[in-house]
Amino acid sequence: QQQVKQSPQSLIVQKGGISIINCAYENTAFDYFPWYQQFPGKGPALLIAIRPDVSEKKEGRFTISFNKSAKQFSLHIMDSQPGDSATYFCAARAGYSTLTFGKGTMLLVSP
Amino acid sequence: DGGITQSPKYLFRKEGQNVTLSCEQNLNHDAMYWYRQDPGQGLRLIYYSQIVNDFQKGDIAEGYSVSREKKESFPLTVTSAQKNPTAFYLCASSSPSEVNTEAFFGQGTRLTVV
């Protein structure tokens, strides 16, 4: 069964710190790796995504690092802010198949 | 504004009743999806449809049914056969013909069995 394993389950970071969320996968056919951000009571929204032909992608304070040989990818949030407090989901997809989601990480950024 | 509309936002159901959740999109997307979200479980795929009049079971389809009679609409019925229906339900859409296209989500429907 296709799986994406996400860790940690929850994370507390001080304002201004770096938040790091990790995901690992087994299916080498995965070729698209998005991260979604979800606020309480809302639907998830795409935050940033990467393909395996690059090792890093940065958009503002958000960076995806991708390690193809280790089959791992991670989300780094630099200068974390209280407004970043949300649940973050990694996901993966092979070709035109459906997305497989990790179980999510609840991030709390303390003021 | 383009987007996905789910209704209602909150829904209460008595045990033994069927209930239908609405999902409408005006993004002209071919594919639509239904996910169930439970605390600590992530998003689990219930059903998806890649084209009108066709749909496929996801990982947890038992106790659910869908229809796709129009491109814009993908309603989900939670039947009395679903043993634990209380959850947050999310509808999404995408254009699978575009590689790496993102999936857009609605704001969700929270279903509670009373």
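Protein chains get the first letters and strands the later ones, always in sequence-line order, with residue 1 at the start of each. The basis for the numbers below is simple: all heavy atoms, side chains too, and nothing from hydrogens, waters or symmetry mates. This is a predicted model, so every value here is computed, not measured.
Ranked by heavy-atom pairs under 4.5 Å with chain A, the first of B/Gln6, B/Gln41, B/Lys9 is B/Gln41.
Contact annotation for B/Gln37: only side-chain heavy atoms (C-beta onward) come within less than 4.5 Å of a heavy atom of chain A. At a 4.5 Å heavy-atom cutoff, the contact between A/Pro44 and chain B is made by backbone and side-chain atoms alike. For B/Leu90, the part lying under 4.5 angstrom from a heavy atom of chain A is the side chain only.
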(message) Under the criterion side-chain contact (heavy atoms from CB on, under 4.5 Å), I'd like the reasoning laid out for B/Tyr35 against A/Leu99: C-alpha separation, chi angles, the key distance, then a yes or no.
(response) CA-CA 11 Å; B/Tyr35 292 90; A/Leu99 285 168; 4.2 Å; yes
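Taking both residues in full, the closest heavy atoms of B/Phe88 and A/Gln38 are given as CE2-NE2, 3.8 Å, listed atom of the first, atom of the second, then distance.
Heavy-atom neighbours of A/Gln81 CD from other residues, nucleotides or ligands within 6.0 Å: above the threshold of 12. The 12-atom threshold is not exceeded at CD1 of A/Ile12, counting heavy atoms of other residues, nucleotides or ligands nearer than 6.0 Å. By the neighbour-count criterion of 12 heavy atoms within 6.0 Å, atom NZ of B/Lys14 is sparsely surrounded, having that number or fewer from other residues, nucleotides or ligands. Atom CD of A/Glu59 has more than 12 heavy atoms from other residues, nucleotides or ligands within 6.0 Å.
Criterion: ILVMFWY side-chain heavy atoms under 4.5 Å apart, direct or through other members. Under it, A/Ile48 and A/Ile77 are part of a common hydrophobic cluster. Grouping the Ile, Leu, Val, Met, Phe, Trp and Tyr side chains by contacts below 4.5 angstrom, directly or via other members, places B/Tyr64 apart from A/Phe101.
Here the CG-OG1 distance, from B/Leu43 to A/Thr87, works out to 10.5 Å after rounding to the nearest 0.5 Å. Taking CG of A/Leu46 as the start and CZ of B/Phe105 as the end, the distance is 9.5 Å to the nearest 0.5 Å.
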